[in-house]
Novice: 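Structure provided below as C-alpha cells; questions to follow.
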Amino acid sequence: MNALNALIRRDLTIAYRRWGELMTPIMFFILMTALFPLGLSPHPELLREIAPGVVWAAALLAGLLGQDSLFRSDYEDGSLEQLALAPLPLEWQALARTFTHWLGAGLPLVVLSPLMAMLLQYPAAAMPELAFGLLLGTLTLSLLGAIGAALTVSLKQSGMLLLVLVLPLAVPVLIFGAQSAAQAARGEDPSGALYLLGAMLVLGLVLAPFAIAGALRISLES
Amino acid sequence: MNALNALIRRDLTIAYRRWGELMTPIMFFILMTALFPLGLSPHPELLREIAPGVVWAAALLAGLLGQDSLFRSDYEDGSLEQLALAPLPLEWQALARTFTHWLGAGLPLVVLSPLMAMLLQYPAAAMPELAFGLLLGTLTLSLLGAIGAALTVSLKQSGMLLLVLVLPLAVPVLIFGAQSAAQAARGEDPSGALYLLGAMLVLGLVLAPFAIAGALRISLES
Amino acid sequence: MNISWTWFHRLASPPYFFRLAGRLAPWFGWLSLVCIVAGLYGGLWYAPPDYQQGDGFRIIYIHVPSAYLSMMGYTLLAVSAGIGLVWRMKMAHAVAAAVAPLGASFTFLALVTGSLWGKPMWGAYWAWDARLTSELILLFQYFGFIALRRAFEDPRSGEKAAAVLALVGLVDVPVIHYSVVWWNSLHQGSTVFVGEGSDIATSMLVPLLIMIAGFTAFFAACLLKRIQLEVLERESGAAWVRELLEDA
Amino acid sequence: MKSLHEFLTMGGYAAYVWPAYGVAAVVLLVNALLPGLRLKRRLAELKRLERRGEHP
Amino acid sequence: MIPQLSAQGLSLWRGGRSLSRALSFTLQAGEALQIQGPNGSGKTSLLRVLAGLGRLDEGELRWHGEPIHRSALYRSALLYLGHQNGLKSHLSPRENYFFYQSIASSSSEIAAEDALSQVGLKDVMDRPCGRLSMGQKRRAGLARLLGVEAGLWLLDEPLSSLDAAGMELVSSLLDRHLKAGGVAVFATHQPLPGLGGALRTLDLATAA
Amino acid sequence: MIPQLSAQGLSLWRGGRSLSRALSFTLQAGEALQIQGPNGSGKTSLLRVLAGLGRLDEGELRWHGEPIHRSALYRSALLYLGHQNGLKSHLSPRENYFFYQSIASSSSEIAAEDALSQVGLKDVMDRPCGRLSMGQKRRAGLARLLGVEAGLWLLDEPLSSLDAAGMELVSSLLDRHLKAGGVAVFATHQPLPGLGGALRTLDLATAA
Ligand code: HEM
Ligand SMILES: Nc1ncnc2c1ncn2[C@@H]1O[C@H](COP(=O)(O)OP(=O)(O)OP(=O)(O)O)[C@@H](O)[C@H]1O
Ligand SMILES: Nc1ncnc2c1ncn2[C@@H]1O[C@H](COP(=O)(O)OP(=O)(O)OP(=O)(O)O)[C@@H](O)[C@H]1O
Ligand SMILES: [Mg+2]
Ligand SMILES: [Mg+2]
C-alpha cells in the first residue's frame with residue numbers, strides 16, 4: 001500500500017504543481033453554468049427547468065476533460081512502462097489514478113452544487129439528492145473517461161474506434177442523472193434513478209480497472 | 001504561398017490520419033444537445049425556448065475542447081521551433097492552422113446543427129439563420145481558442161486552464177449568437193446580432209494572428 | 001517632447017520609481033481617508049432617502065466606485081502589460097502584476113454590493129443579466145491573468161504571456177459599460193454621468209462623487225505599495241537595493 | 001435631522017446596507033494593510049541576507 | 001547450474017519485417033550482454049521483449065529456469081531503462097527518485113542526496129526535471145540504478161547524450177553491479193570505457 | 001573582410017544562474033565551431049540563442065555584419081537541428097522531408113528518395129515516423145541537411161543515438177558543407193570522426 005500511497009501522492013503533487021488544476025474546475029464550472037443562462041433569455045422558472053441538464057452536462061465535461069492527459073504524459077515520458085513493470089498491479093494503479101483525477105475534476109462539482117443551485121434557482125430543498133446523484137455520476141464518468149484515455153494513449157486507430165464506442169456509454173449516466181435531479185426538483189422521489197446510478201457505479205468499479213489496465217498494456221505493446 | 005499550401009496540407013493529412021480525435025468533439029456536441037430532450041423529458045415549447053442556448057453552448061464547448069492539442073504536439077516534437085524559423089511569417093501560419101483546425105472541429109458542428117436543432121423542436125424556417133450564425137461564431141471561437149492554445153502550449157496543462165482563459169472572451173460571441181438564433185426562432189429579424197457576430201469575426205481575423213504568433217514566440221522562449 | 005521622454009525613461013528605472021512610489025503613497029492614503037470619511041457622512045447620514053428606493057439606495061456609495069474601479073483597474077492592467085510587452089519595460093510588467101489582485105478585489109466588491117442591492121430592488125441576489133454576467137466575467141479575467149502568470153516556471157515568460165491575455169481581454173470592458181445599452185437589462189443605465197447634467201439629486205450626487213474620488217485615491221495608494229513590493233521582488237540583489245538597505 | 005434609530009435600521013434596509021458596507025470595510029482594510037506588511041517583511045528578510053553577505 | 005537468464009530461439013516481427021531470427025543466449029550471474037547493431041536492427045525491440053513490454057512472436061525466455069511471461073517474480077527482479085527516462089517533468093530529480101524507490105519491490109538504502117550527487121546532479125536536485133538539460137535528465141534516470149535493487153538490468157543506450165564523465169559513471173555502475181553477481185543486457189553504439197569482467201556481445205546485424 | 005557570423009559578449013541567464021559570461025567568437029566562411037562542455041554547461045541554450053529561439057540577456061549577434069534580431073535574412077540563411085527532430089510521427093520520412101523542403105526559403109534539388117537513401121532510410125521511407133527506431137528518427141531529421149540550402153548550420157548533438165555509419169555520414173555532410181563555404185556551429189560529446197578543415201572549439205566549462 002506504500003506504493004499505492006506514493007502513486008496517489010505523486011499525481012496530487014503534479015496536479016498541484018500545474019497551478020491551474022486546482023483553481024480551474026471551480027472557475028470552469030461557474031463559467032459553464034453561466035453559459036446557458038446567457039444563451040437564453042432567462043426567466044427563473046425556465047432556468048429551474050433546465051438546471052439539471054446544465055449541471056449534468058458540466059459533470060460530463062469535467063469527467064472527460066483533461067482525462068486524456070491522465071495517461072498521455074506518462075506514456076510520452078516513459079513513466080507508463082515503468083509503472084507497468086512495477087510490482088503493484090496495473091489494475092490497482094488504474095483505479096487509484098482515476099480516483100485522484102476525480103478528486104481534482106469531479107469532486108469540485110459535487111462540492112459546488114449548492115452554489116450552482118443558487119445561480120440557477122434550483123430548489124434548495126432538492127440539494128442533497130442532486131449532490132448525491134452527482135457524486136455517483138461523476139465517479140462513473142471518470143471511470144469511463146479513463147477507459148477512453150487508456151485506449152487513445154498510443155494514438156492507434158483501433159483505440160480511436162473504441163473511444164467512439166466508449167463515449168456513448170456515458171449517455172445512460174447522463175440520462176438517469178439528469179432525470180434524478182429533475183425529479184428531485186419537482187419534489188418527486190428520485191430514488192429509482194439514483195439506484196440505477198449506483199448500480200452503474202458498482203459495475204464501473206468492478207469492470208473498468210481491468211478494461212483500463214488491458215488497454216494500457218495494448219498501448220504499450222505497440 | 002506554396003509554403004502555406006504545404007502547411008495546410010500537412011495539417012489536413014495528420015488530422016485525417018488521426019480522424020478518431022476529430023470524432024470526439026462531434027460526439028460531445030451530439031451528446032450534449034441530445035441530452036436535453038432525453039435528460040429532462042420536457043414539453044416541446046420549453047425545448048424550443050432553450051434550443052438556441054443549448055446549441056450554442058454545446059457548439060462553444062465542443063469547439064474549444066480539441067483546441068489545446070492545436071500546437072501541443074508541434075511543441076513537443078520540435079516542429080514548432082522549425083516553423084518559427086521558417087521564412088513564412090508566424091502570423092500567417094497561425095491563421096492558416098486555426099482555419100484548418102476549424103475545418104475539422106468547427107465546420108462539422110455547423111453542418112450538424114440543423115439536425116440537432118430539429119431534435120430540440122427548433123423551427124425549421126429559422127435553420128439558415130442558425131447555421132449562418134454558427135458559421136461566423138465557430139470561426140471566431142476557433143481564433144480565440146487558438147490564442148489560448150498558444151499561451152498554454154508550453155505548460156503541459158490539461159484543456160481546463162485553456163477553457164478558463166478563453167471562455168470569458170467567448171461569452172460575447174455566445175450571447176449574440178444565441179440572441180440571433182432566438183430572434184430567428186421567434187420570426188424576428190436577427191440581422192443586428194448577426195452583424196455584430198460578423199464584426200467580431202473580422203476583429204478576430206485582424207488581431208488574433210498577432211496574438212497567437214506572439215504567444216507562440218513567448219512559449220518557445222520559456 | 002523630449003522632456004516627457006526623459007521623464008518616461010526615468011519612470012522606467014526601478015530605483016527612481018521605487019522612491020517616487022514610496023514618496024507618493026502616503027499622500028494618496030491620507031487623501032483617500034479624508035474623502036471616504038466625508039463621503040460616508042454625506043452618503044449615510046446627510047443625503048435624504050431615495051423617493052422610491054428608500055434607504056436601500058445608499059449602497060450606491062460603495063457599489064458604483066468599486067464597480068468603476070474594477071473597470072479602470074483592468075484597463076490600467078492591460079495597458080501597462082501591453083507597454084511592457086512592446087517596449088520591454090520591466091516596470092510596466094511590475095505595474096500590471098500589482099494591479100491584478102487589487103482590481104480583482106474591487107470587482108469582487110462590486111459583485112457583492114451589487115447583489116446585496118439586487119435583493120431588495122429586483123427580488124433576487126443574482127440574475128443572469130448582461131451587465132452582471134460581464135462583471136462576473138471580468139473577475140474571471142483577473143483570475144485568468146494571475147493564474148497564467150503563475151503557471152509559467154520562468155517568470156519573464158509568464159508575465160509576457162499574461163500580457164497577451166490581458167490585451168485580448170480588454171474587449172470585455174466596453175461590453176460591461178454598454179451592456180445596459182445593448183441589452184434590455186435589469187440594471188439601470190448611466191444615471192450619474194449622463195451628458196447634459198445628471199438626473200439624480202445633487203444631495204445624493206455630491207457624496208457619490210466624493211466617494212469615487214476617495215476610492216480612486218485609495219486604489220492609487222495600495223497600487224503604489226504593491227508596485228514597490230513587485231520591484232523589490234524583481235530587483236532583489238541589485239546594487240541600489242543594497243544601498244537602500246544600508247540607508248534603512 | 002433624522003434619528004439614530006432610523007440610521008441604524010436604514011428604513012428597513014439594514015439587512016442589505018450594513019453587510020454591504022461591512023464587506024467593503026473588510027476588503028479595503030485588507031488591501032490597505034497587506035502590501036505594507038509584506039513590504040516590511042521582505043525588506044527585513046533582505047536585510048538578513050545582506051548581513052549574511054548572501055546576494056539573492 | 002541453471003543460468004539466471006536464458007533465451008531460446010527468439011524471433012521478432014515488427015511492421016511485417018523479421019527483426020531477429022532464432023536468437024539464443026544464456027547469462028550466468030555476473031555476466032553482461034552487449035547488444036550491437038546498426039540503427040533499426042532491433043536492439044530496442046529486443047530489450048522491450050526481455051522486459052516483458054514488447055510482443056514476443058516465437059521463442060522462450062526463462063529467469064532462473066522459470067518462464068517470464070506475466071511472472072511477478074521476474075518483474076520484481078528487473079530494472080529497465082529505455083530510450084525515455086520515465087521522469088515527470090513537474091517533479092524534481094529528488095522527488096522522482098523517491099517515487100521510484102517507493103514503488104520498487106526492493107529499494108536500496110541509498111538516500112536521494114547521495115545517489116543524485118553520485119550521478120552529478122547535486123546542485124539541480126530540486127529543480128523540476130522539465131528544465132534540466134538533456135544529459136541531466138539522463139543522469140536523473142540513471143539514478144534509479146542506485147535507488148532500486150534488481151538482479152537484472154536492461155539498459156537501452158544508457159550513454160545517450162552523456163558527457164565523458166557520464167560514460168565513466170555508467171560503466172563503473174555496471175561494473176559494480178556485475179561484481180555483486182548481477183546480470184545485465186544493454187545496447188550502446190559507443191563502446192563502454194574500461195568495462196572488464198565477463199562482457200559478451202550479440203550482434204544483431206550478423207544474427208539477423 | 002567582415003566575418004559571416006560574429007558574437008560579441010554573449011551572456012545567458014537561465015533559472016537564475018549565469019550559464020555563459022561574455023562569450024565572443026567570429027566565424028569566417030568554411031569555418032566550423034564545436035561547442036564543448038559537460039552536461040548542463042549551456043550548449044543547447046547557446047545554440048537556441050544563436051538560432052534566435054532563446055532569450056539573449058546581453059551581447060550582440062551579427063550575420064554578415066547585420067544584427068540578427070528578427071532578421072528574415074538571417075532566418076532564411078539558417079538551419080537548426082535541435083535535440084528534437086521536428087518530425088510529425090504520423091507522417092512518413094518522405095512526407096516530412098517534402099514538407100520541410102516546401103517551407104524552406106531555398107530548397108535543394110535533391111529528391112526525397114536520394115536524400116533518404118543517402119541517410120540510410122531507403123526501406124523505411126514510407127513508414128510513419130512514430131514507428132521508426134530512435135536512430136532512424138535522427139537520420140530522418142538529418143535528411144533536412146540535404147533538402148534545405150542554408151549557409152549556417154546549428155546542430156545540437158547531431159550524433160545522438162546514431163551508429164558508427166551514422167556518425168561517418170554526419171561528418172561527411174559537415175565536411176561537404178564547409179568545403180562549399182558554409183558555416184556551422186555544433187555541440188557533440190563524441191569527437192566527430194575525421195572532420196578536417198577549419199574546426200575550432202569553444203569549451204563552455206572553461207569559458208563560463
Ligand atoms: C450583482 C449585481 C450588480 C453588478 C455586478 C453591478 C455592476 C455594475 C457595474 C460594473 C457598474 C459600472 C458601470 C459603468 O461604469 O459603466 C455599475 C454601475 C451602477 N450600478 Fe450596478 N451592479 C449590480 C447591481 C446593481 C443594483 C441592484 C443596482 C440598483 C438597483 C445598481 C445600480 C447601479 C448604478 C446606479 C450604477 C451607476 C450607473 C452609471 O451611472 O454608470 N447596480 N454596476
Ligand atoms: N528554462 C530554463 N529554466 C531554468 N533552467 C534552465 C532552463 N533551460 C536550461 N536551464 C538550465 O541551464 C543549464 C544548461 O542547460 P543546457 O540544456 O543548455 O545544457 P547543455 O549544455 O545542452 O547540456 P546537455 O549536454 O546535457 O545537453 C542546465 O543546468 C539547465 O538546468
Ligand atoms: N511498432 C512498430 N511498428 C512497425 N515497425 C516497428 C515498430 N517498432 C519497431 N519497428 C521497426 O523495427 C526496427 C527496429 O526498431 P528498434 O527500435 O528495435 O531498432 P534499434 O536497434 O533500437 O535502433 P536504434 O539503434 O536506432 O535505437 C525499426 O526498423 C523500426 O522501424
Ligand atoms: Mg533503440
Ligand atoms: Mg543540450
Side-chain angles (χ1 to χ4, degrees), chain E residues 14-17 19 35-48 82-84 92-93 119-124 126-142 156-169 187-191 193 203-205, chain F residues 14-17 19 35-48 82-84 92-93 119-128 130-142 156-169 187-191 193 203-205:
Chain E
R14 292 290 184 271
R17 286 167 51 253
L19 282 185
I35 307 175
Q36 290 171 324
N39 292 133
S41 55
K43 301 182 291 299
T44 298
S45 308
L46 179 57
L47 280 166
R48 288 182 68 84
H83 279 300
Q84 289 143 321
S92 67
V119 297
L121 295 179
K122 196 165 185 24
D123 48 1
V124 294
D126 293 310
R127 185 180 299 178
C129 285
R131 287 189 288 166
L132 295 183
S133 81
M134 211 62 178
Q136 288 171 323
K137 284 182 189 144
R138 195 56 171 170
R139 287 162 178 265
L142 287 165
D156 199 350
E157 296 191 22
L159 306 182
S160 68
S161 68
L162 287 182
D163 54 16
M167 303 189 187
E168 292 293 342
L169 172 73
T188 59
H189 291 300
Q190 307 98 307
D203 194 325
L204 291 179
Chain F
R14 292 291 184 271
R17 285 167 51 251
L19 281 185
I35 305 174
Q36 291 173 324
N39 293 132
S41 55
K43 302 183 288 301
T44 298
S45 308
L46 179 56
L47 279 166
R48 288 183 67 84
H83 278 302
Q84 290 146 319
S92 68
V119 297
L121 296 179
K122 195 166 185 26
D123 48 2
V124 293
M125 224 178 262
D126 293 310
R127 185 180 299 176
R131 297 286 183 83
L132 295 183
S133 81
M134 211 62 179
Q136 288 171 322
K137 282 180 189 149
R138 196 58 172 169
R139 288 162 176 263
L142 287 164
D156 199 349
E157 297 193 22
L159 305 182
S160 69
S161 69
L162 287 183
D163 55 17
M167 303 190 188
E168 291 293 343
L169 172 73
T188 59
H189 291 300
Q190 307 98 307
D203 195 326
L204 289 179

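Lettering follows sequence order; numbering is per chain, from 1.
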Novice: Could you please spell out the steps behind the side chain to side chain contact (heavy atoms under 4.5 Å, CB included) verdict for F:Arg127 and E:Arg17?
Specialist: CA-CA 12 Å; F:Arg127 185 180 299 176; E:Arg17 286 167 51 253; 3.2 Å; yes
Novice: Do F:Arg139 and E:Asn39 come close enough that some side-chain heavy atom pair is under 4.5 Å?
Specialist: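 Yes. Closest side-chain heavy atoms under 4.5 Å.
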Novice: In chain order, what residues pass the salt bridge (Lys or Arg N to Asp or Glu O under 4.0 Å) check against E:Arg14, with sequence neighbours excluded?
Specialist: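 Listed in chain order: E:Asp57.
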Novice: Run the side chain to side chain contact (heavy atoms under 4.5 Å, CB included) test against F:Ala187 and tell me which residues pass, sequence neighbours left out.
Specialist: F:Ile35, F:Lys43, F:Leu47, F:Asp156
Novice: What residue in E:Arg131, E:Arg138, E:His189, E:Met134 has the most heavy-atom pairs under 4.5 Å with chain F?
Specialist: E:His189
Novice: Who among E:Gln136, E:Gln36, E:Met167 has the most heavy-atom pairs with chain F under 4.5 Å?
Specialist: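 Looking at each of E:Gln136, E:Gln36, E:Met167 in turn, E:Gln136 comes out on top.
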Novice: Taking all atoms of both residues into account, what is the closest heavy-atom pair of E:Glu157 and F:Ser161, and its distance?
Specialist: OE1-CB, 3.3 Å
Novice: Work out which heavy atom in E:Ser133 is nearest to a heavy atom in F:Gly40; give both atom names and the distance.
Specialist: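 Here E:Ser133 and F:Gly40 meet closest at OG-N, 3.4 Å.
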Novice: Using non-hydrogen atoms only, which part of E:Leu162 is less than 4.5 Å away from chain F: side chain, backbone, both, or neither?
Specialist: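 Both the backbone and the side chain of E:Leu162 come within 4.5 Å of chain F.
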